[in-house]
Amino acid sequence: MKLTHIFVSLFASVALSFWSVAAMGQVPVEIDVDCDAGDTLTDAIATEGDFGVPLILNVTGTCYEHPRVNRNSVVIDGGGTAVLHGSLRNWGMRLTVRNITITGDSFGFSASVGRSRLINVDISHNVEAGILISGGGTVFLRNSRVQHNNGLAGVAIETGFLTVDNSEITDNWAGIDATMGRVMLGDGAIIVDNIGAGVIGNLHTSILADGIVKIENNGEHGVQLMLDSGFLARGDVSINDNAWYDVACIDRESSARFEDAYPGRVWCTGFRW
């Protein structure tokens, strides 16, 4: 995989990330959702009115449901104490989820379309993947934890974009498992102590680790690349002490490049220092 492909694809994901409610020029509707009193996110999202009008949902208590966000520009704020025991799906355009715990018997958060920002969330103890990205969806994970999701990966990508900053992905079956994905690991991205591989890139996946990044102590490879996938590390990137190779290219079509720091053990015939 050409490195230019990595930069072009990742630039596209970053360019799609920046949006704001204010830019829409509309005053948001603000709704309090007290799940302990019988309110639901599902009902709040379905509030009558123009589906283009921004919503801000202030959530308290524990919500037992699987809401689907199918409207544009929604903010769900759990105030640091709310819990969603179920799952959350983004089928809209712009969704921000912050200060909430998501746990349950399925996946935690799913983005099949649109752009999602997850800020200060704890996505843990889900039976399937913590986060599932598909259909070209974009997820920005910041100041968050994706942990103890032992059925599948912490983050599973089936064609989509992921950016991780100041967040920890730990004790999942795999940390990040991406097929035809674009992954950018920024400052403070920590992918450690997962049962399997830390990061898997499969089928034309591009992975960029740029900044202070740790991929350590995972139960298989730290970074595993296959089927024309590429990895570029620059900055203070630490890829060490993984049970198998720290970076492994399963086929000759995949490649890895390290600009500033060399990982512990590399098994890539075409890697470049």
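The figures here come from the full heavy-atom set of this structure, side chains too, leaving out hydrogens, waters and symmetry mates.
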- Sorted by chain and number, sequence neighbours left out, side chain to side chain contact (heavy atoms under 4.5 Å, CB included) with Val127 holds for Asp105

- Query: Hey, quick one: are Ile190 and Met184 part of the same hydrophobic cluster, counting side-chain heavy atoms closer than 4.5 Å, chains of contacts allowed?
  - Reply: no

- What are the two closest heavy atoms between Ala156 and Ala153, and how far apart are they? N-CB, 4.2 Å

- Message: Using the side chain to side chain contact (heavy atoms under 4.5 Å, CB included) criterion, which residues pair with Asp32? Sequence neighbours excluded.
- Response: Asn58

- Task: Not counting sequence neighbours, which residues clear side chain to side chain contact (heavy atoms under 4.5 Å, CB included) with Met180? List them please.
- Result: Thr159, Leu203

- Task: Would you mind reporting whether Leu41 and Glu65 have side-chain heavy atoms less than 4.5 Å apart?
- Result: yes

- Query: Going by atom types alone, do Ser124 and Gln147 pair a side-chain donor with an acceptor below 3.5 Å?
  - Reply: no

- Task: Start with the C-alpha distance between Arg117 and Thr96, add both sets of side-chain angles, then the distance that settles side-chain hydrogen bond (donor to acceptor under 3.5 Å, both in side chains), and finish with yes or no.
- Result: CA-CA 5 Å; Arg117 293 187 297 178; Thr96 298; 3.2 Å; yes

- How about Cys35 and Val33: do any of their side-chain heavy atoms sit closer than 4.5 Å? yes

- Query: Hydrophobic clusters join Ile, Leu, Val, Met, Phe, Trp and Tyr when side-chain heavy atoms are under 4.5 Å apart, directly or via other members; which others share one with Ile195?
  - Reply: Trp173

- Message: side-chain contact (heavy atoms from CB on, under 4.5 Å), that's the test. Do Ile176 and Leu162 meet it? Break it down for me.
- Response: CA-CA 10 Å; Ile176 299 171; Leu162 171 70; 3.8 Å; yes

- Distance (rounded to the nearest 0.5 Å) between Ser110 OG and Trp91 CH2: 8.5 Å

- Are Leu132 and Ile169 grouped together when hydrophobic residues (ILVMFWY) are joined by side-chain heavy atoms under 4.5 angstrom apart? no

- Distance-only donor-acceptor check, side chains Thr40 and Asp43, under 3.5 Å: yes

- Query: Val74 and Ile31: same hydrophobic cluster, using ILVMFWY side-chain contacts below 4.5 Å?
  - Reply: yes

- Item | Residues His66 and Ser87: side-chain donor-acceptor under 3.5 angstrom | yes

- Message: Is there a path of hydrophobic side-chain contacts, each under 4.5 Å between heavy atoms, that joins Phe258 and Val199?
- Response: yes

- Query: Any disulfide bond (SG atoms under 2.5 Å apart) pairs touching residues 155-242, not counting sequence neighbours?
  - Reply: none

- Query: How far apart are the C-alpha atoms of Asp246 and Val223, what are their side-chain angles, what is the distance that settles it, and do they pass the side-chain contact (heavy atoms from CB on, under 4.5 Å) test?
  - Reply: CA-CA 6 Å; Asp246 294 307; Val223 177; over 6 Å; no

- Scan for salt bridge (charged side-chain N to carboxylate O under 4.0 Å, His left out) pairs involving residues 74-85, sequence neighbours excluded, and state none if there are none. Asp77-Arg98

- Item | Minimum heavy-atom distance His85-Thr62, with the two atoms named | CB-CG2, 4.4 Å

- Query: Are any non-hydrogen side-chain atoms of Glu158 and Ile133 less than 4.5 angstrom apart?
  - Reply: no

- Note on the structure: Taking every heavy atom of Val59 against every heavy atom of Ala82, the minimum-distance pair comes out as O-CB, 3.6 Å

- Message: Clusters formed by hydrophobic residues whose side-chain heavy atoms approach within less than 4.5 Å: which one holds Tyr64, and what are its other members?
- Response: none

- Query: Rounded to the nearest 0.5 Å, what separation is found between the CZ atom of Phe231 and the OG atom of Ser254?
  - Reply: 13.0 Å

- Any chance you could measure Leu141, atom CG, to Leu118, atom CG, to the nearest 0.5 Å? 6.0 Å

- Nearest 0.5 Å please: distance from the CG atom of Leu232 over to the CG atom of Leu208. 5.5 Å

- Heavy-atom distance under 4.5 Å between the side chains of Ile123 and Phe109, does that happen here? yes

- Item | Value rounded to 0.5 Å, distance of CZ in Phe107 from CG in Leu88 | 8.5 Å

- Residues in salt bridge (Lys or Arg N to Asp or Glu O under 4.0 Å) contact with Asp177, at least two apart in sequence or another chain: none

- Side chain of Thr205, backbone of Gly181: donor and acceptor closer than 3.5 Å? yes

- Query: Between Glu216 and Ile239, is a side-chain contact (heavy atoms from CB on, under 4.5 Å) present by the stated rule, with each step listed?
  - Reply: CA-CA 6 Å; Glu216 299 177 345; Ile239 313 174; over 6 Å; no

- Item | Under 3.5 Å side-chain donor-acceptor pair for Asn99 and Asn120 | yes

- Item | N/O donor-acceptor pair under 3.5 Å between Ser73 side chain and Pro54 backbone | no

- Item | Any residue meeting salt bridge (Lys or Arg N to Asp or Glu O under 4.0 Å) with Asp210, in chain and number order, not counting sequence neighbours | Arg234

- Message: Could you check whether any side-chain N or O of Thr47 sits under 3.5 Å from a backbone N or O of Ala44, counting only pairs where one atom can act as donor and the other as acceptor?
- Response: yes

- Where the side chain of Ser116 meets the backbone of Ala111, is there a donor-acceptor pair that is under 3.5 Å apart? no

- Nearest heavy atoms of Ser144 and Val121, plus distance in Å: OG-N, 3.0 Å

- Between Arg145 and Asn143, the two heavy atoms sitting closest are NH1-O, 3.5 Å

- Could you walk me through whether Asn194 and Asn218 pass the side-chain hydrogen bond (donor to acceptor under 3.5 Å, both in side chains) test, one step at a time? CA-CA 5 Å; Asn194 293 285; Asn218 295 288; 3.0 Å; yes

- Could you tell me which non-hydrogen atom of Ile76 sits nearest to which non-hydrogen atom of Leu95, and how far apart they are? CD1-CD1, 4.2 Å

- Query: For Leu55 and Val75, what are the C-alpha separation, side-chain angles and deciding distance, and is it a side-chain contact (heavy atoms from CB on, under 4.5 Å)?
  - Reply: CA-CA 6 Å; Leu55 282 181; Val75 175; over 6 Å; no

- Taking the side chain as every heavy atom from C-beta outward, state whether Gln224 and Ile250 have any pair of such atoms under 4.5 Å apart. yes

- Of all residues at least two apart in sequence or in a different chain, which pass the salt bridge (Lys or Arg N to Asp or Glu O under 4.0 Å) check with Arg89? none

- Query: Under 4.5 Å between side-chain heavy atoms, hopping through other hydrophobics if needed: is there a path connecting Ile119 to Ile100?
  - Reply: no

- Query: Do Ile200 and Met226 come close enough that some side-chain heavy atom pair is under 4.5 Å?
  - Reply: yes

- Item | Which residues share a salt bridge (Lys or Arg N to Asp or Glu O under 4.0 Å) with Asp39, sequence neighbours left out | none

- Partner residues of Asn149 under the side chain to side chain contact (heavy atoms under 4.5 Å, CB included) criterion, sequence neighbours left out: Asn126, Val146, Asn172

- Note on the structure: Rounding to 0.5 Å, atoms NE2 (His204) and CZ (Arg182) come to a distance of 9.0 Å

